[in-house]
Structure formats: structure tokens, C-alpha cells
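Below: one structure, written as C-alpha cells.
Just so we're on the same page: letters track the sequence lines, and every chain starts at 1. For clarity, every value in this text was computed on a predicted model and none was experimentally measured.
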2 protein chains.
Amino acid sequence: MTTKSTTGIIGGNALRNRDHNQKVVLDYVRANEPAGRAEIARSCGLSIQAVSNITAELERQKLLMPDGHKTGVRGKPALQYRFNPEGAFAIGVELRPDVIIVAALNLSGKQIYFERVMLEDAHPEPAIKAVGDQVRAAIAATAFSPKSLLGVGVVMPGPFGETAISSAGEAVLPGWEDVDPQAAFEAEIGHPVLIENDATAAAVSERVAGVASDMDDFCYVYFGTGIGLGVISQGHVMRGAFGNAGEIGHIVTQIGGRDCPCGNKGCLETYASRYAARQHLAQFGIDANSGDDFAQLVAQDNPHFRDWLDQAAQHLAHVIGTLENIFDPQSVILGGALPDAVINALIERLDLPDGSVSNREDRTCPRVMRGFSGRLTAALGAGAMVIHQTITPNTRTY
Amino acid sequence: MTTKSTTGIIGGNALRNRDHNQKVVLDYVRANEPAGRAEIARSCGLSIQAVSNITAELERQKLLMPDGHKTGVRGKPALQYRFNPEGAFAIGVELRPDVIIVAALNLSGKQIYFERVMLEDAHPEPAIKAVGDQVRAAIAATAFSPKSLLGVGVVMPGPFGETAISSAGEAVLPGWEDVDPQAAFEAEIGHPVLIENDATAAAVSERVAGVASDMDDFCYVYFGTGIGLGVISQGHVMRGAFGNAGEIGHIVTQIGGRDCPCGNKGCLETYASRYAARQHLAQFGIDANSGDDFAQLVAQDNPHFRDWLDQAAQHLAHVIGTLENIFDPQSVILGGALPDAVINALIERLDLPDGSVSNREDRTCPRVMRGFSGRLTAALGAGAMVIHQTITPNTRTY
DNA sequence: TTTATTTACTCAATTAACTTGAGTTAAGTA
DNA sequence: TACTTAACTCAAGTTAATTGAGTAAATAAA
């Protein structure tokens, strides 16, 4: 039988509806806690009775907890509900060719565990085993029961598609070409696993517990080895038709500019990435590689690094203007595997274009902000993915 | 009481669930007709019984109709369902400062009526009245009963937001600053009204009845007075936080390039828009304004127009590469208020970047395609918006 | 040609979750 | 102290789904 196309959107029934409504309530409380049931009912388009049943169930599941009564207004004081940070937890993993970073987050997105270990062999079998060991160690180290683990998010370098372009200087995991990472990790770990790219995970992280907690439309520019983009549109992750959305590293910012391994000339990554910074500094005999190296150069106000920052900011400003005009986001967030000081130095230097839909009088937040979660972003973001999935109405696919 | 933030996503109940399921079934049939009920049930995650009830209801509403039995396979032959083109219709309006274009579409998206009249006064009151007259004339001219009118879509020039940037040479409607167009048109017309921008309407049009009927992720580059972008992501329209997404006319393709009224230098619009073409040709004493003028220049292989096409294609290719890397779409569609010959001439000249996630071996459609609906795109798209809304599971807001 | 198998579909009963409507509670206000 | 307002509970009612048993009509096998 021929397979016909489907969007993945499926019909609803009472059970799926209940799941949906639970998430609607959770998402409302996430953004507006503390909140009473009548208020939730009004905002979520449900009857008070329905919300009462749902909050009771969520309280039983330890996802919500009551927190006092709202007083000062007429009428019976409303019992306020909050997230129960101790009710559940998530684990996030960043897998790189040489290192595994594991973090655990409580339901509020707060980091409650962190570990970083070297990875000797990045081939699938040993790497998956090593990740499994670290996840088990993380579970054991927290005060949570394994039953309250919502899932494990994993951020790892692609490419996974057929012909995804590779980033400048990007290290790829060896031997993973024919591996289905999600299935492999789930088999090893025995909990639900989500695979995501670094930029998207970072974006989700900011929404779950960062500067974008009240935003439904924003862009996250992620500095990893290359430069990636995570987009949250109407509260949902944008992935593209083949899961490769957000490859902004290869946007051309300078026509006829520097050669890029991808085949283009003048890609953003050749100017504004960590790799570009390293190359630039090497010309002057400076060997900078780690985030700390860059932070030190900022602290020293190194003139060569300043030059790089100036140039990088110019190219970044161009791309940010492009993103603004394409997405009309609430804000563009910058972050990733660079120290806060470097991100700040870049933001300071941004000369954003006037001709942008984001250049408006009535803004309530800056056009560009620094991400909250710092250099552990990827692992924290991986964990945040799990929380996000639990909380946010996944209305596209039911 | 302070207003708290909401995504607009609301909870479900039996009634909303039913609406959702109807749309899920309609959307499946749209993309896969003809389809039997058991097949629909499998694909939509519903029981056969539920689908049977839903198709019966949709047949009663004249949105679906049975169309023979599927034979050649084992088992009882499945009754096949199709869209009923005669079951309902939609009207689309393009309102410009000097002209009103009205089209009517049947449920399959086929044009069944068309009219173009001059508009004497574009101020709200006379313009709304004139649109109302044209809509009433359209309803009367079709064989449909007014009851089966799903709604009226209106495409009109913005800007509607606080400080949206204006396009090069764009004509704005006078006196509309404080008008809520949707409410005003609904009051005049007495049917549901949708307001949309031209690029988004064109994109939806391609999905409803064009080259993107089986795509859920694509970009539409629209040549109006300026250049706009419509994005369908996971089957849904992307609008941005403030409704201004898709302003690609002001993406800078040439740093330090031509002055643009928006304040930037080197905006795409200053190279690749109709306005840019007109300016370019004026240098050589050629006065080209209408689409027909441009079509003629293509037919004549005019060297000055060829120069413009070459340059425009270069800037367009750059932006298309950017869109590909950002959205990872199934395809990028070009169309709008330019004759097919001009669009084709541009597409021929596109030298798309290699460094793009869309540059893949296993493509099933071209990276760039010409839109189907031709120069009436905006009005047809406006009507298609209505059909799209009726058909596509609007799961974000229930 | 007969029989078996497969698949689509209907009818009736059941179920899950939300809504409705009638109270109850508890605060602020006159 | 009585009134008003608003949150909330309980029980019954409603809706639209699912489930299970049975029927119909085609192809495939004997």
C-alpha cells in the first residue's frame, strides 16, 4: 500500500484532550504562577470544575502544589497553585567527541546536578554506554526517585540528514551515520529520550527558565563551534521540513568574502564564530581556544581580540537585522559556548539596522539580550527540552 | 485586575474536539483524495466509527462527497470521499489605493468569479462600502447560496503595527490608521472576514490549490510593489510576534549598497523589486510600470531589462540561500504581481549557493519554483486563506 | 466453483472528560 | 450585622469518542 502524506496532526479523543488540557493548565501556571483555579479556567477556556479536576490530578502527580490563598480582593480567597520544583526532574546531556556533560534540572528548570567527564571513544557503542553511566549516576545523585524522571534530553553534533552542510572546524561523531540516536539512547537508559541540536535546546532553555520565560516568539543565536539558530515561534520549536532549520552559520554576510568549507564565500561563521576568533588571533601568535582564553582577552582588552569583536559584531548585526525582518520576534537572544563577558562585548558593539520591524517605539524588552544559562547552555537546554515537552501543549501532533 | 499573559492556546472539550477532528479529516482528504474512511481513520488516529460519523456530518455539510469505490484490493471496497467543490465557496479581495480586485473560489480553490474595478476614494468609509458592493456582486454572480460562503479574505497594504517599516515606493491607504479593518469589513459584509498580507495570502494559495498542495514547510517570495515573504511552517502560517514577519524586502544584500527609504543601505528591494526595475529602466529612458510592460521587455529580450534581471537574480539568490538555511523548507516559491515570464526569467538566472541545507541529493522538488496562481495571486490568496482556515486544524488556538 | 481470507463498515453499548446548575464557603464592604 | 462578591464543590447531564459484535463485498486459495 502506498504511504500517503500526513502532517502528523491527528484527531483527538477524550484521553488526548485530557493530556492537552493538562498541558494547557501547566503552561498557564508556568507563565503566570501563582494562579488560582477560577483564573486558570477563565484564561484557558475551561470550566472551573474541569480545572479543579485537572489541578487535583496534577497535584497528585506532584507537578503542581498549592501555595496559600490570594487575599485582598472580594470573594472567597482563591487557592493559589504553583509549580512543584521537587515534583519531577529532567536530565540533559551534551555529547561531544571528547566530552560528556550531564545536568539535572528540577521542574522549575533549576540546575540540581552537574558533571563533566572526558569521553575516550566517541563511537556509538562506547559513547552510548558512557552516557548511560553518567545518566544513571545523575539519577542516583539527585534526591528524586527515578520514577519522577520526565526524560533525558541529548544535544549532540549532527549532521543527521542526507546532505546537511558541515560547520567550519566542526567535529563530527565517528561512526554514527547509521545509528538512530533516540532509539539507541532509550534502549540504554530506559527513559524517554529527546535528541535536539544545541541552538534549539538553548532557545528552549531560555523559555523554560531564562530570559524568555514570557516570550512565545524569539530567536536564539547560539555560539558553538559554529553558529546556530534556535527559533521559538508561537511557543513552538521550529525545525524545518528536514530538521535542519537554523543553519545561520552559512548565511552570506559578505558577498565574495572569505572562503568557507561549505562552498560559499563570506559565511557568517568565517567572521563571527569561535573558530573565526581563533583563526584571527592565531595570525598574531595568540593561541586562544577555550572560553576562558577568550574571557581573559576581553578582560585584558586585547587589541587584536577587540578587532575581531568589532568585525564579528558587524556581521552579527547584519544577520540579526535579517532575523528580525524575517521573524518579527520579541527579542533575539545571544548565548552559547562563549563566556558572558564575550557575549556582552559583542552585544555592546552591535550597531543594529534601523530598517527593521523590530525597531519600534513601543518595545518592552531590548532587541538583543544575552542568554541566561551561560556556558552549560547545551546540557541545560537538553534537559529543558524535556520539561518543555511536558509542559507545553503539543497541539500540532496532539 | 492585571492581565496575565496567554499564548492563546486554550483547553479542549468535546465540541472543540469535534471541530478539530473535522478539520483533521478535511485536511487529510485535501492532501490525499480520494480516501476511504478506514484509511482516514488509520492516518488520523481515530476509530473507523468516529471517522464514519465525521464524514457523514461533512457530507451533510456538503464539504465532502462520496466518489465511487476503491477496487483491486482484497476486502470490501472502500467508499472513497472527495472534496465537494460545489459545497461551499470563499471570496477574496485585494484592496489597493486605486483598485479593488475580487475573486470567488470554490472549495477546491478554483477561481469561479473575477472582477476588477477602480477605486475612487481609498478612505475607509467609501472603500469599505465599495468592497462590500463588490462582494455582494460576487455572491450574486456565483451559483452558490450566500449560506455556503465560508468567509471573505481581504489583502490590503499595511502597515498596521506601531512602527512597521514602509516599502520602497509603497502606496499606503489614507486615513486607515485607527480603523480595525476586520471589524469594519465584517460589519459591512455580514460574513466572517480575514485580513492578511499579500505574501502570506499567496503562500496559502499555493498550499490550498497550487504547487505546494502537498507541502507543510515552504517559503513564498512575493513580488508586490516591494518584496514580501510568506512562510508556511508545519502547515501553519508564520506571523511573528507582532504580525510583521516576512519583511524580507529590507534584508541587506549589499553592505553599504543603495540607499533605501527605510534607513538601511543595500536592501533587497532596491535591487530586485518592481520598483527597482522601473528605476533601473528609467535611466535608459524606458518607462515600464505595468506587468505587461515588463513581460514585453522580456519577450523583446531587452538588454537593459536583461541587466536588471541579472542583478536582481544575484540578490535574490542570496536571500533565497538565506531563507533555505534558516527555514530548511521543502521549496521556495516565487510569484506575485509580476508576469510568469518575468518570474521565469529570474528563476533561470538564479545561481543558488551550494552552502545550503537545501542543496541535497534526495530532493523531490526543485529548490525554487514559480507560483501557480499568477498575477491574481493576492485576491485568490485572500480567498484561499478562508478555505485554509476551514480546512486546516487550527490546533494552536483550538 | 466453492471456500477462505481480508478489509470496510454498521449498530448498539460503553466510557471518559467536560459542562451545567444548584448549593456552600469565605472574604471584603456597606 | 447584613450584603455582595467570588471561589469552589457536588451531582447530574451532555458530547463525542471508543469498543465489540456482527455484516457485506471484494480477492485469493483450494
Side-chain angles (χ1 to χ4, degrees), chain A residues 1-2 4 9-25 28-29 32 34-61 64 66-81 393 398, chain B residues 1-2 4 9-25 28-29 32 34-61 64 66-81 393 398:
Chain A
M1 177 181 169
T2 55
K4 295 196 174 187
I9 298 177
I10 64 172
N13 56 28
L15 282 149
R16 291 174 192 154
N17 211 334
R18 183 174 226 280
D19 281 353
H20 171 78
N21 287 351
Q22 284 191 5
K23 290 186 179 182
V24 169
V25 169
Y28 182 82
V29 175
N32 301 285
R37 283 168 287 188
E39 170 192 337
I40 297 171
R42 281 188 299 269
S43 297
C44 296
L46 291 167
S47 65
I48 294 179
Q49 184 57 58
V51 172
S52 259
N53 293 338
I54 291 167
T55 52
E57 169 62 18
L58 291 173
E59 191 179 341
R60 201 193 60 73
Q61 290 176 28
L64 289 185
D67 179 39
H69 291 264
K70 182 178 181 181
T71 181
V73 287
R74 267 192 154 182
K76 180 173 173 179
L79 180 60
Q80 301 298 102
Y81 278 91
Y398 242 97
Chain B
M1 176 181 170
T2 55
K4 295 196 174 187
I9 298 176
I10 63 172
N13 56 28
L15 282 149
R16 291 173 192 153
N17 209 335
R18 184 176 224 280
D19 281 352
H20 171 78
N21 287 352
Q22 284 191 5
K23 289 185 180 182
V24 169
V25 170
Y28 182 83
V29 175
N32 301 285
R37 283 168 287 188
E39 171 193 337
I40 297 171
R42 281 188 298 268
S43 298
C44 296
L46 292 166
S47 64
I48 294 179
Q49 184 57 57
V51 172
S52 259
N53 293 338
I54 291 168
T55 52
E57 169 62 19
L58 291 173
E59 192 178 340
R60 201 192 61 71
Q61 291 176 28
L64 289 184
D67 179 40
H69 290 264
K70 182 179 181 180
T71 181
V73 287
R74 265 192 150 179
K76 178 174 173 179
L79 180 60
Q80 300 297 102
Y81 278 91
Y398 242 98

Which whole-number value in Å describes the distance from [X] [atom1] to [N] [atom2]?
X     : N      : atom1 : atom2 : answer
A:K76 : D:dT4  : NZ    : C1'   : 16 Å
B:L46 : D:dA16 : CG    : P     : 14 Å
B:N13 : D:dA17 : CG    : P     : 12 Å
B:E57 : D:dA17 : CD    : C1'   : 15 Å
B:R16 : D:dA17 : CZ    : P     : 15 Å

- Item | B:S52 side, atom OG; B:I40 side, atom CD1 - distance, nearest 0.5 Å |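 Answer for the OG-CD1 pair, B:S52 versus B:I40, is 9.0 Å.
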Check every atom of [options] against the side chain of [X] and return the nucleotide holding the closest atom.
X     : options                : value
A:S52 : D:dT9, D:dC8, D:dA25   : D:dT9
B:T71 : D:dA26, D:dA17, D:dC8  : D:dA26
B:L15 : D:dT15, D:dA25, D:dA17 : D:dT15

Do side-chain atoms of [X] reach the backbone of [Y] as a donor and acceptor pair under 3.5 angstrom?
X     : Y     : result
B:H20 : A:I10 : yes
A:R37 : A:L79 : no
B:D67 : B:Y81 : no

- When the nearest nucleotide of DNA chain D is assigned to A:Y81 and to B:R74 on a heavy-atom basis, which residue is associated with the more 5' position?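 Nearer the 5' end of the strand: A:Y81.
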- Message: Return whichever of A:Q49 or A:A14 has its heavy-atom-nearest nucleotide of DNA chain D closer to the 5' end.
- Response: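 Upstream on the strand: A:Q49.
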- Task: Output yes when at least one side-chain N/O atom of B:N17 is less than 4.0 Å from OP1 or OP2 of D:dA16, else no.
- Result: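 So the side chain of B:N17 is outside the cut-off, no N or O lying under 4.0 Å from OP1 or OP2 of D:dA16.
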- Query: Can you find a side chain N or O atom of A:R37 that sits less than 4.0 Å from OP1 or OP2 on D:dA6?
  - Reply: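 False: A:R37 side-chain N/O out of range (4.0 Å or more) of D:dA6 OP1/OP2.
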- Query: Which nucleotide span of DNA chain C, 5' end to 3' end, has atoms closer than 4.0 Å to non-hydrogen atoms of chain A?
  - Reply: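 Footprint of chain A along DNA chain C, 5' to 3': C:dA17 to C:dT29.
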- Message: Looking only at side-chain N and O atoms, does A:N53 offer a donor or acceptor that is under 3.5 Å from a partner on A:E57?
- Response: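 Absent: no donor and acceptor within the cut-off.
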- Task: Report the residue (A:V73 or A:N53) whose heavy-atom-nearest nucleotide on DNA chain C is the more 5′ of the two.
- Result: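 Closest to the 5' end, via its nearest nucleotide, is A:N53.
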- Message: Both B:I48 and A:G75 contact DNA chain C. Which one's nearest nucleotide lies toward the 5' end?
- Response: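 Result of the comparison: B:I48.
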- Please report the shortest heavy-atom distance between B:A14 and A:N17, naming the atom on each side.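 Closest approach of B:A14 to A:N17, heavy atoms only: N-ND2, 4.4 Å.
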- Message: Under the rule for side-chain hydrogen bond (donor to acceptor under 3.5 Å, both in side chains), what residues qualify as partners of A:D19, not counting sequence neighbours?
- Response: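 Once residues adjacent in sequence are excluded, A:D19 has no partner under the side-chain hydrogen bond (donor to acceptor under 3.5 Å, both in side chains) criterion.
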